[in-house]
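So the structure is just underneath, and the comments pick up after that.
Both backbone and side-chain heavy atoms feed into the values below; hydrogens, waters and symmetry mates do not.
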Amino acid sequence: EKADSDKPTNVEADQMAYDDVKQVNTFTGNVVLTRGTLIMRANKLVVSQDAAGYQFATLYARPGGVATFRQKRDAGPNQWMEGEAERIEYDGKAEMVKLFSKAKMRRLEGTKPTDEVEGEFISYDSRAEFFTVNNTASGNKPGGGRIKAVIQPRSESKEK
Amino acid sequence: QDVKGGNAQEKELPATIRAEQMTGRPDREVFLERDVEIIRGPTTINADKATYHIVEDEVEAHGNIRMRRFGDSYTGEDLRLKIEASEGFVLKPTYHLQRNNAQGAAERIDFEGEDRATVYEGSYSTCEGPDPDWYLKSGKLDLDQAREEGVAHRTLVYFKGVPILAAPAMSFPLTDSRKSGALPPTIGTTNRGGLEVTVPYYFNIAPNRDVTLYPKIYARRGLQLGAEGRYLGEDYFGQTRFEYLPSDQQTKTDRYAITSTHTQFLAPGLAWTWNLNSASDDDYPTDFSRTITAAKQRLLLRDTALTYGTALWQASARASNFQVLQDPIVPIVRPYDRLPQVTFHAGKQDVNGFDWDVDSELTRFWHPTLLRGDRFLVNPRIAYPMIQPGYFITPKLSLHSTRYSLDSRTPVPNDNLSRTLPTLSLDSGLVFERDARFFGRDMIQTLEPRLFYVYTPYKDQTAFPNFDTAEADLSFAQLFSENRFVGNDRISDANQVTAAMISRYIEPTGAERMRFALGQRFYFTEQRVTLGGARNESRSDLLLSAYGQLMQGLSVEGNVQYSQTLNSMSRANYGVRWQPAPKRVLNLQYRRARLNNLEQVDVSGQWPIAERWYGVARMNYSLPDSKVAEGLLGMEYKADCWVFRIVGQRTPTATGLTNTALFFQLELSGLTRLGSNPLEALRANIPGYQLVNQP
Amino acid sequence: CGFQLRGANGQGGLPFKTVYIGTAETSPLGIELRRYIRASGDTAVVNDKKLAQATIEVLNEAREKATLTLNTQGRIREYSLYYRVKFRVIDEKSAELLAPTELVLKRDISFNESQVIAKEKEEEMLYRDMQSDVVQQILRRISALKA
């Protein structure tokens, strides 16, 4: 949600290590990052900040587990976006989320999932609300397996 | 296969999408690359590249498209489709419809809703495989799966690459249910009419009403229109067939024939029926031996009747006469007209053991040359049947009273003749049973002796007219009836007993597998009432009969009527039918009857003779004339989607005149309605014949 | 030779106490079926289907006539008369005791144009004879059913 970008971010984790030189914060163990409606959970979180103050975060899942994020969408009342992957990269400047390997993204109306996408790599530009899904983490390789998505029919299309 | 028409739930169904690459904006559209598959409800689309507009639920796909929907499958280059509304088009498509296994290719197919599609510049065929034996090319082909009908415009039908039929428009059924459509065309030649071509057309007007048109071109006679209308209403039903050939080139006259039957229920129990047959001239049976009317035979009944019936009594009033199609060489005596004939019958069963009934009839007989006059008869009967599983005894008393009043014009001495004769009869029989084996199977064998005594006093009836009476064939039914004559103008004097023995083999299910019977009548007094010459035999002909199923698929029938006085067979027929499997039947029959100087051997059969080839044959050889009375030879080739028939037929139509015909018929399954085979000759001539293209 | 009178061992009758005939009131086949069952004593014919242990339902009854022999002048000299009856037997709960069974009987009759009206009456006689034959065969099949 647009309003999230000017909300404070706070993080809870078991340990936190701060590297002053590279200005990188590393949290490990049951990491929970919240910022407005955005909630991210992972096993390890590395957050850095550029000169202009934009934050870049990378979440790593426990081996075999997944890192998750959940955020409210502007597109209507009670619309949510959820995602999970083994590694999630969040670019605060471009407001771009990238999910790597076993990536899944779901849109929900309340708790009812409307659309669902699975693939090896999903990138989602929350400002332009544009997403890309590739069949391998390193980009799109022909024959590299297929992405699956389930899209619910639009209720507006029925009233149109 | 998914159920069609599930529109309501289809709206809620999600679209499941797979591809190697996917980009897009949620809620708007998704762009898919390589190995794309979109599944929504009953529709599955595969393509190289596609865009799915979520709001409009529309797919735009490009590159080797495959689509499956309710079992029908399509391929193509480009596709645009609103999935749920099932509206859109596919370019350069091929299609395959699951319901009637039809397939084809086209420039473009437009989908207009779930059941309708229009194929432009396309082909249609029900044959399997890439190059079908026959296909229909059409500028615009509407396929309506709801009405199960296809309508092709500007069509050309190709068979083995050769165009055989062109039509501005043509409708055909998409399933084998009763749909309007062309029937298999028949081309042929006969010695009476020359080249003959007919393409019948069937109109399924309503579930209870249909019309079939038989336009037929005779090279030597002109254009004939035949039609058959059938209808079934709440309280009426009937069928009318007619043929009309205006200005026959050979006879310069209009030729027509009609057969019409109808039943109308006016009120509960009250029905009015008619059975009208007519033909334009005496030569109709010889010139049109393949008529769809009753004008194959030379006596055409015209009959209309009003009948009323309750459980207790029934009454009827009828007017009836015959049109005679005269054959001058062997002239036919014109039968009497019955204008009118009023009957009344009443009867009650088991009135403390007694059955009584009474028949009465008043008939006004009319004839242009012979006698005219009225006959009134009353025939009350009473019986006391005693029936047990093991035996039955039925005494019966009846009275037959008749009064004639003849037209004074006829030279008969006393013009009102009357006769009243009582008849006493006693029918009795025993039924014995035992377990037995027949052709290796356990059965119950019965032994049923039967004695039937009849006494009727003699009355001289030589002066009586004969409007409707003849001596009946000697049969087991006749052996056990009280009057040697059928009809009411002669009551045979009788002091006779009929003895018979019947033995049956009954299967455990109660089905009668085989029956043997012999019977004879013994006269104690001379039979003085006769129609032909006087006869004084002490016993009737001996009747022997055996019929039934020896084994699965093998049934036999034998009847002999042996005259001991002449020490020869008065009548005999033996027959065997072997039907080991569907579409395989052989019939062999020998028939002999001194009455009409008949002695014929009849062989008929249908047998597969080679891969996909069926042979059909019938030969009826008349021994006294030592020539083939009736012959038919045919071959049928059954491919997976068409049947070709060639049938040669020779039928006698009049003295010294026969009709020889040779017919080809091409039945493109799926294009013409199944089942009806204008060559009804096959079904009529070969007992056990089965259509080759039916399961 | 092992023969004994039918019904001597108590069988031979119908395995039901009450029977209903499912034909129209005026149907000759129905009348003869009713008459025969009632005359043989131990089974009662009831007029109310619900009271009957079994119902004999006549599903189809048809008379057909086919040309059997043509002489060389093209005249029909013999006809085959067919009488088809399809029937089944159901119990009071409409469960099928005897599945639909079709009986097809045939009688041949000679023909000559000069006796056409007499032959009409002879045909009627043969059809009635076949009807009595069908009644016997129906009752045979039903008595073969176990109650």
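With a threshold of 4.5 angstrom between heavy atoms, C:Leu98 does not approach chain B through any atom at all. Within the 4.5 angstrom heavy-atom criterion, no atom of B:Arg334 approaches chain C. If you measure heavy-atom distances from C:Glu120 to chain B, the contacts under 4.5 Å come from the side chain alone. Using a 4.5 Å cut-off between heavy atoms, B:Pro285 makes no contact with chain C at all. The contact between B:Ser481 and chain C is made entirely by side chain atoms (from C-beta outward), counting heavy-atom distances below 4.5 Å. B:Gln478 touches chain C through backbone and side chain together, each having a heavy atom under 4.5 Å away. When heavy atoms are compared at a cutoff of 4.5 Å, B:Thr651 does not approach chain C at all. Heavy atoms of B:Phe322 lying under 4.5 Å from chain C belong exclusively to its side chain. With a threshold of 4.5 angstrom between heavy atoms, B:Asp327 approaches chain C through its backbone and through its side chain. Heavy atoms of B:Arg650 lying under 4.5 Å from chain C are absent altogether. If you measure heavy-atom distances from B:Leu447 to chain C, the contacts under 4.5 Å come from both the backbone and the side chain. Using a 4.5 Å cut-off between heavy atoms, B:Gln314 does not touch chain C at all. In this structure, the portion of C:Arg75 lying under 4.5 Å from any heavy atom of chain B is its side chain and not its backbone. Heavy atoms of B:Thr658 lying under 4.5 Å from chain C are absent altogether. Interface remark: C:Ile138 contributes no atoms to any contact with chain B (heavy atom separation under 4.5 Å). For C:Leu103, no part sits under 4.5 Å from any heavy atom of chain B, backbone or side chain. C:Ile76 touches chain B through its side chain: at least one heavy atom from C-beta onward sits under 4.5 Å away, while N, CA, C and O do not. With a 4.5 angstrom heavy-atom cutoff, B:Asp473 touches chain C via backbone and side-chain atoms both.
Of the listed residues C:Ile31, C:Val116, C:Leu126, C:Leu5, the one with more heavy-atom pairs under 4.5 angstrom with chain B than any other is C:Leu5. Highest contact tally toward chain C, considering only B:Ile332, B:Val324, B:Val333, B:Asp435, is held by B:Ile332 [criterion: heavy-atom pairs under 4.5 Å]. Annotation: maximal heavy-atom pairing with chain C below 4.5 Å, among B:Pro624, B:Gly487, B:Pro385, occurs at B:Pro385. Each of C:Asn112, C:Asp129, C:Ile117 has some count of heavy-atom pairs under 4.5 Å with chain B, and the biggest count is that of C:Ile117. Of all the listed residues (B:Ala511, B:Gly309, B:Ser622), the one sharing the greatest number of non-hydrogen pairs under 4.5 Å with chain C is B:Ala511. Comparing C:Met125, C:Arg35, C:Lys121, C:Glu113 by heavy-atom pairs within less than 4.5 Å of chain B, the highest count is held by C:Arg35. Top candidate by heavy-atom pairs under 4.5 Å with chain C, chosen from B:Ala629, B:Ala472, B:Pro335, is B:Ala472. Taking C:Gly2, C:Ser114, C:Ser110 one by one and counting their heavy-atom pairs under 4.5 Å with chain B, the maximum is reached by C:Ser110.
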Q.
Under the criterion side-chain contact (heavy atoms from CB on, under 4.5 Å), I'd like the reasoning laid out for B:Glu557 against C:Lys106: C-alpha separation, chi angles, the key distance, then a yes or no.
A. CA-CA 11 Å; B:Glu557 182 187 1; C:Lys106 177 175 91 78; 3.4 Å; yes

Q: Evaluate the criterion side-chain contact (heavy atoms from CB on, under 4.5 Å) for residue pair C:Glu122 and B:Ser475; output intermediate values, then yes/no.
A: CA-CA 11 Å; C:Glu122 189 173 351; B:Ser475 65; 5.6 Å; no

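Closest approach of C:Glu25 to B:Ala311, counting heavy atoms only: OE1-CB, 3.5 Å. Closest approach of B:Pro508 to C:Ala144, counting heavy atoms only: O-CB, 3.5 Å. Across all their heavy atoms, B:Gln445 and C:Phe3 have their closest contact at O-CE2, 3.5 Å.
More than 12 heavy atoms of other residues, nucleotides or ligands shown are found within 6.0 angstrom of NZ on B:Lys627. Counting non-hydrogen atoms of other residues, nucleotides and ligands closer than 6.0 Å to CG of C:Asp48 gives a total above 12.
Taking CZ of C:Phe111 as the reference point, atom CD of B:Gln297 lies at 6.5 Å (rounded to 0.5 Å). Distance check: C:Arg140 CZ to B:Ile444 CD1 gives 6.5 Å after rounding to the nearest 0.5 Å. The distance from atom CD of C:Gln136 to atom CD of B:Glu448, rounded to the nearest 0.5 Å, is 8.0 Å. Here the OH-CG distance, from B:Tyr547 to C:Leu105, works out to 6.0 Å after rounding to the nearest 0.5 Å. Interatomic distance, CZ of C:Arg6 versus CD of B:Glu433, reported as 5.0 Å (0.5 Å rounding). From B:Gln600, atom CD reaches atom CG of C:Leu70 across 8.0 Å, with rounding to the nearest 0.5 Å.
Between B:Arg515 and C:Asp133 a salt bridge is recorded (basic side-chain N to carboxylate O distance below 4.0 Å). In summary, B:Arg591 and C:Glu78 engage in a salt bridge, as defined by a charged side-chain N under 4.0 Å from a carboxylate O.
C:Arg107 places no side-chain N or O within 3.5 Å of a backbone atom of B:Ala477 that could act as its donor or acceptor partner. Under the 3.5 Å distance criterion, the side-chain polar atoms of C:Gln115 are left unmatched by any main-chain donor or acceptor of B:Glu471.
Looking at C:Thr69 and B:Leu598, their side chains come closer than 4.5 Å, going by heavy atoms from C-beta outward.
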